[in-house]
Number of protein chains: 2
Amino acid sequence: MSAIQGARERARTEVTAAIKSEARRQLAEQGAAKLSLRAVARELGMVSSALYRYFPSRDELLTALIIDAYDAVGAAAEGALTTHPGSDPVARWTAVCQAVRRWALAHPHEYALLYGSPVPGYSAPRDTVAPASRVGMALLTVAREARAAGLLRVPDAATWPPSVLADARTLADGLEMELPAPALAGLVAAWAQLFGLLNFELFGQFTNVVEAREEFFAVSVGTLARAAGLCSPEGIAAEDPDAPGYDTVPEDPQARDADAATEIARRFGQAGA
Amino acid sequence: MSAIQGARERARTEVTAAIKSEARRQLAEQGAAKLSLRAVARELGMVSSALYRYFPSRDELLTALIIDAYDAVGAAAEGALTTHPGSDPVARWTAVCQAVRRWALAHPHEYALLYGSPVPGYSAPRDTVAPASRVGMALLTVAREARAAGLLRVPDAATWPPSVLADARTLADGLEMELPAPALAGLVAAWAQLFGLLNFELFGQFTNVVEAREEFFAVSVGTLARAAGLCSPEGIAAEDPDAPGYDTVPEDPQARDADAATEIARRFGQAGA
DNA sequence: GTCTATAGCCAGATAGAC
DNA sequence: GTCTATCTGGCTATAGAC
């Protein structure tokens with residue numbers, strides 16, 4: 001390749017990046033359905049027809065944005081795995097979830113592009129599926145490590161109907177992953193439920209319902225992790241619902257709330273409001 | 001009111017209904033962001049300006065559609081409460097969730113309008129919050145009945161930080177509901193997670209991941225109910241993770257899968273695939 | 001309440017000169 | 001690769017006759 005070729009290619013990638021950047025900006029203002037090549041071109045001081053040299057259609061630009069966003073949130077999730085090493089699967093799971101949440105809060109419109117309503121008239125091409133799987137894979141990595149460490153409680157196979165277990169086995173084969181089918185099914189459910197928490201926070205359903213969102217999220221995804229079978233190393237026994245942490249049905253819940261006040265203060269360093 | 005007035009009003013409500021109906025049809029084709037008064041008018045054989053006598057703006061039409069949809073899904077949820085009476089809170093919870101799912105599958109675009117990405121440039125007015133709460137209220141009704149029957153396991157208050165418990169108390173006060181704060185917080189989390197399952201199914205994230213969607217959903221929401229503290233009447237003990245239903249970490253998961261085959265066959269009447 | 005007409009915008013995409 | 005020019009369509013919203 002000649003130097004001129006290199007310069008041309010560099011210019012091309014720079015313009016491509018500028019287009020995507022401006023498109024992301026507009027995504028935030030008008031949403032994906034109204035993303036317009038013309039408006040992007042106008043803002044960049046180009047003419048609309050010039051953009052077609054970079055993206056053959058509006059949908060191709062949208063695809064590029066989607067792939068970039070999946071890669072960004074996936075990288076955030078994977079980054080949490082390396083920045084939060086350790087032997088506690090629940091803590092690692094929570095760290096991954098929190099990294100996803102942080103990315104989502106920082107990029108709400110790109111998040112909506114990935115996990116919100118499908119864009120009408122647009123169907124994602126195959127190129128998106130690998131990037132789309134990265135967050136789920138990061139969560140599965142936590143589960144596999146937990147299993148290797150003996151910290152994954154596998155639900156009885158009778159928990160799930162055979163059809164679901166068959167799906168799980170197909171999925172495990174496709175991913176070349178050796179997780180037991182009942183565990184994988186539960187992890188898929190937890191994966192979906194995680195995004196239920198995020199969607200409600202980002203799409204406004206928590207308005208006037210949950211205000212302490214970070215704390216609510218952290219505890220909820222921890223519970224999610226345990227429901228999916230992940231155990232903290234200090235004791236599988238501590239996850240026993242008969243142990244402290246769960247009451248059986250109380251006779252007077254008001255009294256129990258009051259009784260718990262000192263425990264609250266101990267754990268969180270302030271009185272309950 | 002004269003007979004003429006009555007006729008006029010009847011005509012008006014009929015035209016209003018026709019407009020909303022056609023708007024819903026277009027919602028399904030183009031999405032909320034591209035809902036256009038002109039297109040609705042064209043399809044109804046009217047002229048665009050005539051629509052302004054019924055809806056003062058595009059956003060008002062959108063609001064009407066949103067309220068109708070929240071009322072429809074809320075009515076479906078409440079209907080499940082009456083068509084599935086009984087003393088098993090987990091079964092009732094599951095029935096409500098399944099009713100919501102059925103409505104969502106039958107009206108995917110209206111579902112997306114409610115629980116998908118916010119419509120850019122549109123902010124929902126206050127009129128929408130009461131209809132929006134109906135599904136959650138139906139779920140809370142199940143929890144309150146369970147508590148009255150001694151079938152609600154209230155998590156220890158130390159499960160949640162004080163800020164979350166404070167939110168839960170504010171919410172309980174606003175709803176004039178006497179659920180203990182830790183239970184309510186868990187129920188809110190379960191409510192959000194329910195819609196994570198639905199969003200993933202409806203928005204395509206389960207493609208090539210979960211195919212047996214109905215079964216997957218039914219089992220997942222049952223687990224969700226139990227995680228939120230609901231108990232089946234035949235035995236709180238059966239929810240004990242140390243009892244059959246959960247294994248501790250197995251030495252050979254393949255073998256366990258095989259061992260479970262007869263149990264699967266017993267419960268679901270067919271062999272695992 | 002409905003109509004025609006109009007103002008003032010916007011879009012995606014292509015042709016052909018340079 | 002970028003430009004001008006153009007085609008063909010879309011939209012919200014209002015004015016004013018009937």
Side-chain angles (χ1 to χ4, degrees), chain A residues 1-20 22-66 119-123 125, chain B residues 1-20 22-23 25-65 119-123 125:
Chain A
M1 301 221 178
S2 70
I4 291 171
Q5 266 262 344
R8 273 188 191 158
E9 281 173 6
R10 198 162 51 246
R12 185 173 176 87
T13 55
E14 271 169 22
V15 175
T16 304
I19 292 170
K20 292 200 287 191
E22 174 61 26
R24 267 188 290 271
R25 215 187 53 72
Q26 298 203 2
L27 207 60
E29 291 183 351
Q30 310 173 333
K34 291 195 177 163
L35 176 63
S36 113
L37 287 184
R38 274 187 109 96
V40 171
R42 195 168 39 237
E43 215 65 26
L44 290 176
M46 303 169 73
V47 96
S48 69
S49 57
L51 278 198
Y52 286 83
R53 300 282 166 180
Y54 296 89
F55 294 96
S57 74
R58 193 200 80 121
D59 281 6
E60 300 269 340
L61 172 55
L62 206 49
T63 298
L65 294 180
I66 289 172
V119 181
Y122 170 84
S123 118
Chain B
M1 301 217 179
S2 70
I4 292 173
Q5 266 263 342
R8 273 188 191 156
E9 280 172 7
R10 198 163 51 246
R12 184 173 178 87
T13 55
E14 271 169 22
V15 174
T16 304
I19 291 170
K20 291 199 288 192
E22 173 60 26
R25 216 188 51 73
Q26 298 204 0
L27 206 61
E29 290 183 351
Q30 310 174 332
K34 291 193 177 164
L35 176 63
S36 112
L37 288 184
R38 262 187 119 93
V40 170
R42 193 168 40 238
E43 214 66 24
L44 290 176
M46 302 170 73
V47 95
S48 68
S49 57
L51 279 196
Y52 286 84
R53 300 281 168 181
Y54 296 89
F55 294 97
S57 74
R58 195 201 78 120
D59 282 6
E60 301 268 342
L61 173 54
L62 206 49
T63 298
L65 294 179
V119 181
Y122 170 84
S123 117

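Chain A is the first sequence line, chain B the second, and so forth, proteins listed ahead of strands; every chain is numbered from 1.
Remark: P of C:dG12 and CD of A:Glu60 are 14 Å apart, rounded to the nearest angstrom. Atom-to-atom, CE of B:Met46 to C1' of C:dG1 comes out at 9 Å; the value is rounded to the nearest Å. One can place CG of B:Leu37 at 7 Å from P of D:dA13, the figure rounded to the nearest angstrom. In this structure, A:Lys34 atom NZ and C:dG12 atom P are separated by 13 Å, rounded to whole Å. Per the geometry, CD belonging to B:Gln30 stands 15 Å off C1' belonging to C:dG12, to the nearest Å. Separating the CG atom of A:Leu61 from the C1' atom of C:dA11 is a distance of 15 Å, rounded to the nearest angstrom. Nucleotide D:dT12 holds its P atom 12 Å from the CG atom of B:Leu62, rounded to whole Å. Between the CD atom of B:Gln26 and the P atom of D:dC11 there is a distance of 8 Å, given to the nearest Å.
Across D:dT12, C:dA11, D:dG1, the shortest atom-to-atom separation from the side chain of A:Ala39 is found for C:dA11. In the set C:dC10, C:dT2, C:dA13, C:dA13 carries the atom at the smallest distance from any side-chain atom of A:Tyr52. Comparing atom distances between the B:Ser57 side chain and each of C:dG1, D:dC11, D:dA13 picks out D:dA13 as nearest. Checking D:dT12, D:dC11, C:dC3 against every side-chain atom of B:Val47, the shortest atom distance belongs to C:dC3. Of the candidate nucleotides C:dA11, C:dT2, D:dT12, C:dT2 has the atom lying nearest to any side-chain atom of B:Arg53.
Residue contacts for A:Phe55: at a heavy-atom cut-off of 4.0 Å it reaches no nucleic acid atom on any strand shown. Contact annotation for A:Leu35: backbone-only contact, meaning every heavy-atom pair under 4.0 Å involves sugar-phosphate atoms and none involves a base.
Side-chain atoms of A:Arg58 stay outside donor-acceptor range of the base of C:dG12, with no qualifying N/O pair under 3.5 Å.
Going from atom CD1 of A:Ile19 over to atom CZ of A:Arg53 covers 12.5 Å, rounded to the nearest 0.5 Å. The distance from atom CG of A:Leu35 to atom CD of A:Glu29, rounded to the nearest 0.5 Å, is 11.5 Å. Rounded to the nearest 0.5 Å, atoms CE (B:Met46) and CG (B:Leu37) are 10.5 Å apart.
Taking only side-chain nitrogens and oxygens, B:Arg38 never comes nearer than 4.0 Å to OP1 or OP2 of D:dT12. When the side-chain nitrogen and oxygen atoms of B:Ser49 are compared with OP1 and OP2 of D:dT14, none of them lie within a distance under 4.0 Å.
Between A:Arg12 and A:Glu9 there is no salt bridge, since no side-chain nitrogen of the basic residue lies less than 4.0 Å from a carboxylate oxygen of the acidic one.
The nearest heavy atom of DNA chain C to B:Ser48 and to B:Val15 marks one nucleotide each, and the one closer to the 5' end goes with B:Val15. Nearer the 5' end of DNA chain C, as judged by each residue's closest nucleotide, is the contact made by B:Tyr54, out of B:Tyr54 and A:Val40.
Counting all heavy atoms, side chain and backbone alike, A:Gly121 lies closest to A:Asp59 at O-OD2, 4.2 Å.
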